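Below is one structure; the comments refer to it alone.
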Amino acid sequence: MNKLNLALHHVKENWFGVITDPQNQLVASAFGPNKVLLEKYLAEYVRGNSRQQTSRDGHPFAECMAELFYDRKPSSSVKFNTEHVSPFQGRVTKILRFIPKRKVTTYGLIARKIGSGPRAVGNAVASNPWPLFVPCHRVVSSTLSIGNYSMCGTLDERGSLIKRQLLEREEVPIKGDKISPTGIWDPFGE
DNA sequence: TCGAATATATAAC
DNA sequence: GTTATATATTCGA
């Protein structure tokens with residue numbers, strides 16, 4: 001029981017990987033150019049959960065993930081397995097899912113919305129188990145610089161570049177190396 | 001349990 | 001621009 005499935009999909013320079021549970025819920029996703037690192041990262045994420053019972057069938061979510069990467073499809077109808085996320089991460093995730101396309105928000109605004117601190121929100125966003133499906137790339141610092149984006153657990157300039165490309169494809173207004181103020185979405189709404 | 005480490009914010013220089 | 005400090009949550013010894 002509790003048998004998980006790992007599915008991979010390759011498009012151009014990137015590998016897209018998803019782990020799903022028997023109810024077809026998304027347990028975790030990750031992507032990057034290094035297939036070995038990707039598999040290692042996902043296996044580590046579910047360590048202790050499935051043991052060696054992970055199967056490797058294809059899954060439509062893997063293709064869906066690549067579509068999301070190229071901004072070709074909405075992420076609706078994907079159910080998430082929240083087994084590994086803390087209550088706090090859950091509250092942050094709920095906000096992330098509301099950030100509209102063409103917009104971003106900040107760690108600080110999310111923090112104020114849920115009565116927490118920006119640094120804690122940064123931790124939660126950084127450990128988002130469902131990148132692309134849950135648009136954690138739509139969160140930037142209060143200075144409006146693009147900021148950081150880790151892929152398969154590694155945090156470097158490359159991730160930041162990918163984050164920028166994702167935002168550009170979604171037509172978030174960017175001037176120079178900063179988000180334009182018109183691109184900010186306020187979680188307090190109106 | 002506690003100390004250290006964060007994908008931060010803000011104020012002051 | 002660069003600090004210093006406050007801050008919430010997580011993780012490991």
Side-chain angles (χ1 to χ4, degrees), chain A residues 14-17 19 26-34 37-38 40-49 65 68-69 71 75 80-170 172-189:
Chain A
N14 283 311
W15 286 90
F16 300 88
I19 292 188
L26 185 63
V27 178
S29 60
F31 69 100
N34 187 331
L37 178 62
L38 174 71
K40 203 173 87 177
Y41 173 78
L42 287 174
E44 176 67 16
Y45 182 80
V46 295
R47 131 194 73 117
N49 198 276
M65 197 181 175
L68 289 168
F69 182 76
D71 192 30
S75 63
F80 299 98
N81 177 320
T82 58
E83 192 174 345
H84 295 272
V85 310
S86 72
F88 180 75
Q89 278 178 285
R91 284 199 288 149
V92 173
T93 298
K94 199 169 293 183
I95 306 282
L96 296 182
R97 303 236 288 150
F98 278 115
I99 309 174
K101 255 189 195 182
R102 300 167 188 259
K103 297 283 183 186
V104 299
T105 192
T106 71
Y107 300 98
L109 285 169
I110 294 174
R112 260 132 76 186
K113 179 67 177 177
I114 65 177
S116 177
R119 218 143 182 187
V121 170
N123 283 335
V125 175
S127 52
N128 170 32
W130 314 287
L132 300 183
F133 295 94
V134 172
C136 65
H137 57 281
R138 297 185 190 145
V139 188
V140 302
S141 84
S142 66
T143 64
L144 301 191
S145 62
I146 307 270
N148 292 309
Y149 192 72
S150 62
M151 297 172 66
C152 298
T154 54
L155 188 59
D156 56 19
E157 289 300 318
R158 203 196 138 68
S160 190
L161 178 64
I162 296 291
K163 182 175 181 179
R164 185 194 174 98
Q165 289 172 357
L166 287 169
L167 296 176
E168 284 174 345
R169 268 184 214 128
E170 294 181 357
V172 172
I174 302 173
K175 58 172 159 52
D177 59 352
K178 294 197 170 201
I179 304 296
S180 303
T182 57
I184 297 295
W185 172 75
D186 183 354
F188 286 87

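Quick note on labels: first sequence line is chain A, next is B, and so on, each numbered from 1. Just so it is clear, the model here is predicted, and its values are computed rather than measured.
Distance A:L144 CG to B:dT8 C1': 13 Å, rounded to the nearest Å. Computed from coordinates, the A:R138 CZ to B:dA7 C1' distance equals 17 Å when rounded to whole Å.
Listed by residue number, the members of residues 145-167 of chain A with any heavy atom below 4.0 angstrom from DNA chain C form an empty set. Shown for residues 105-113 of chain A: no residue has heavy atoms falling under 4.0 angstrom of DNA chain C.
Nucleotides C:dT5 and B:dA7 have their P atoms positioned 22 Å apart, rounded to a whole Å. When the C1' atom is compared between C:dT7 and B:dA5, the two are found 13 Å apart, to the nearest whole Å.
Screening residues 153-168 of chain A for side chain to side chain donor-acceptor pair (under 3.5 Å) gives A:R164-A:E168 as the qualifying pairs, with residues at least two apart or on separate chains. Applying the ring-ring contact (aromatic ring centres under 6.0 Å, His included) test to residues at least two apart or on different chains, the pairs with a partner in residues 82-108 of chain A are A:Y45-A:H84. Annotation: side chain to side chain donor-acceptor pair (under 3.5 Å) contacts involving residues 114-132 of chain A, sequence neighbours excluded, comprise A:Q89-A:S127.
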Would A:I146 and A:D177 count as a side chain to side chain contact (heavy atoms under 4.5 Å, CB included) here? Give the steps. CA-CA 7 Å; A:I146 307 270; A:D177 59 352; 5.7 Å; no
Please encode protein proximity along nucleotides 6-13 of chain C as a string of B, S and -, counting only heavy-atom distances under 4.0 Å. BBBBS---
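Heavy atoms only, all atoms of each residue included: A:R102 and A:V172 are closest at C-CG2, 3.6 Å. A:L38 and A:G17 get closest at one heavy-atom pair: CD2-N, 3.9 Å.
A:T182 and A:S180 share no donor-acceptor pair across their side chains, judged by distance under 3.5 Å alone.
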Base-pairing string, 5' to 3', of DNA chain B - Watson-Crick or wobble, under 3.5 Å, | interstrand: ||||||.||||||
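Here A:P187 pairs with A:I95, A:T105, A:L109, A:K113, A:W185 under the side-chain contact (heavy atoms from CB on, under 4.5 Å) rule; sequence neighbours left out. Qualifying ring pair (Phe, Tyr, Trp, His ring centres under 6.0 Å) partners for A:Y149, counting only residues two or more places apart in sequence or in other chains: none. For A:A111, the side-chain contact (heavy atoms from CB on, under 4.5 Å) partners two or more places apart in sequence, or in a different chain, are A:P118, A:V121. Residues forming a side-chain contact (heavy atoms from CB on, under 4.5 Å) with A:S142 (at least two apart in sequence, or on another chain): none. In this structure A:W15 satisfies the ring pair (Phe, Tyr, Trp, His ring centres under 6.0 Å) test together with A:H10, sequence neighbours excluded.
Panel note: side chain A:R169, backbone A:F69; a donor-acceptor pair is recorded below 3.5 Å.
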